[in-house]
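Keep in mind that the numbers below use all heavy atoms, side chains included, and drop hydrogens, waters and symmetry copies.
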Amino acid sequence: MPNLLDFGEMARGWILEAAHLVATLAELAAVVIVVAALLEGLWRSAKVFMQRDQVPDELKESLRLQLGRWLAIALEFLLAADIMLTAVAPTWEEIGKLAAIATIRTALNFFLQKEIEAHEQRHGRTTHPDHT
């Protein structure tokens with residue numbers, strides 16, 4: 001008959017495995033988002049490039065910001081993966097790395113959001129270049 005300590009160790013192992021699985025899924029989601037965003041950005045950019053003399057600069061800026069939005073979402077998934085892995089087995093080194101990564105990603109998202117808001121104020125609320 002297994003004792004309570006054995007069960008606790010077994011449960012801890014399951015939790016660690018589950019955390020690694022969730023973190024891997026979050027990282028996979030980030031990769032899928034980045035690949036999809038790059039393909040969409042490449043497609044839309046190619047269409048704009050073919051008509052570059054007829055396309056306003058605002059549309060080109062919108063393309064860049066749209067790609068930036070998707071990259072920001074991918075960063076959020078990567079941050080979630082880092083948090084998941086750090087939450088289940090934190091060391092001071094892992095916590096320090098997470099703090100640095102979170103700070104950098106938060107700063108990137110903050111400045112991207114400021115740029116998006118400035119673009120929307122300059123050119124109205126439409127920043128999706130669906131009409132190319």
Side-chain angles (χ1 to χ4, degrees):
M1 183 169 190
N3 66 27
L4 197 54
L5 290 177
D6 289 340
F7 180 74
E9 283 300 313
M10 195 167 58
R12 180 172 167 74
W14 290 339
I15 291 169
L16 287 173
E17 287 299 317
H20 284 291
L21 176 62
V22 170
T24 300
L25 290 174
E27 289 170 339
L28 178 62
V31 169
V32 169
I33 290 168
V34 169
V35 169
L38 288 174
L39 291 174
E40 179 187 26
L42 181 62
W43 173 253
R44 290 175 187 255
S45 295
K47 288 170 53 177
V48 166
F49 184 76
M50 297 299 188
Q51 304 171 351
R52 65 185 168 272
D53 294 336
Q54 303 153 0
V55 175
D57 288 339
E58 304 89 54
L59 184 59
K60 296 171 191 170
E61 186 179 0
S62 292
L63 286 168
R64 187 178 61 79
L65 292 176
Q66 184 176 19
L67 177 61
R69 280 189 190 96
W70 284 114
L71 295 178
I73 291 170
L75 285 173
E76 295 295 335
F77 276 95
L78 292 172
L79 182 58
D82 291 338
I83 290 170
M84 179 62 66
L85 293 176
T86 303
V88 294
T91 65
W92 283 110
E93 182 179 342
E94 289 172 336
I95 291 170
K97 286 180 186 177
L98 178 61
I101 291 168
T103 300
I104 291 166
R105 290 179 183 165
T106 301
L108 287 171
N109 283 337
F110 174 80
F111 289 113
L112 176 63
Q113 187 60 40
K114 289 295 180 190
E115 201 168 335
I116 289 168
E117 289 170 1
H119 176 79
E120 288 176 347
Q121 287 177 353
R122 283 192 309 271
H123 306 292
R125 302 298 293 169
T126 304
T127 58
H128 301 287
D130 292 333
H131 55 299
T132 60

Find out whether [X] and [Y] are in side-chain contact, i.e. whether some heavy atom of one side chain is under 4.5 Å from a heavy atom of the other.
{"X": "L79", "Y": "L98", "answer": "yes"}
{"X": "K114", "Y": "E117", "answer": "yes"}
{"X": "K97", "Y": "E94", "answer": "no"}
{"X": "E40", "Y": "Q66", "answer": "yes"}
{"X": "L112", "Y": "L71", "answer": "no"}

Under-4.0 Å salt bridge between E120 and R69: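 Yes, charged N to carboxylate O under 4.0 Å.
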
Under-4.0 Å salt bridge between R105 and D82: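 A salt bridge is present here (some side-chain N lies under 4.0 Å from a carboxylate O).
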
Salt bridge (charged side-chain N to carboxylate O under 4.0 Å, His left out) involving E115 - partner list, sequence neighbours excluded: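 For E115 the salt bridge (charged side-chain N to carboxylate O under 4.0 Å, His left out) partners, ignoring immediate neighbours, are R64.
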
If every non-hydrogen atom of [X] is compared with every non-hydrogen atom of [Y], which pair is closest and at what distance?
{"X": "N109", "Y": "A72", "answer": "OD1-CB, 3.0 Å"}
{"X": "F77", "Y": "I33", "answer": "CE1-CD1, 3.4 Å"}
{"X": "A81", "Y": "A26", "answer": "CB-CB, 3.9 Å"}

CE (M10) with more than 12 external heavy atoms under 6.0 Å: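 Yes - once you tally the heavy atoms of other residues, nucleotides and ligands closer than 6.0 Å, there are more than 12.
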
Pairs meeting criterion salt bridge (Lys or Arg N to Asp or Glu O under 4.0 Å) with involvement of residues 12-21, two or more places apart: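 Sorted result for residues 12-21: empty, none.
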
I73 reachable from V34 in the ILVMFWY side-chain graph, under 4.5 Å edges: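 No, because V34 and I73 fall into different hydrophobic clusters, even though each may have its own neighbours under 4.5 Å.
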
Sequence-distant partners of L108, side chain to side chain contact (heavy atoms under 4.5 Å, CB included), two or more places apart: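 For L108, the residues satisfying side chain to side chain contact (heavy atoms under 4.5 Å, CB included) (neighbours in sequence not counted) are L75, I104.
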
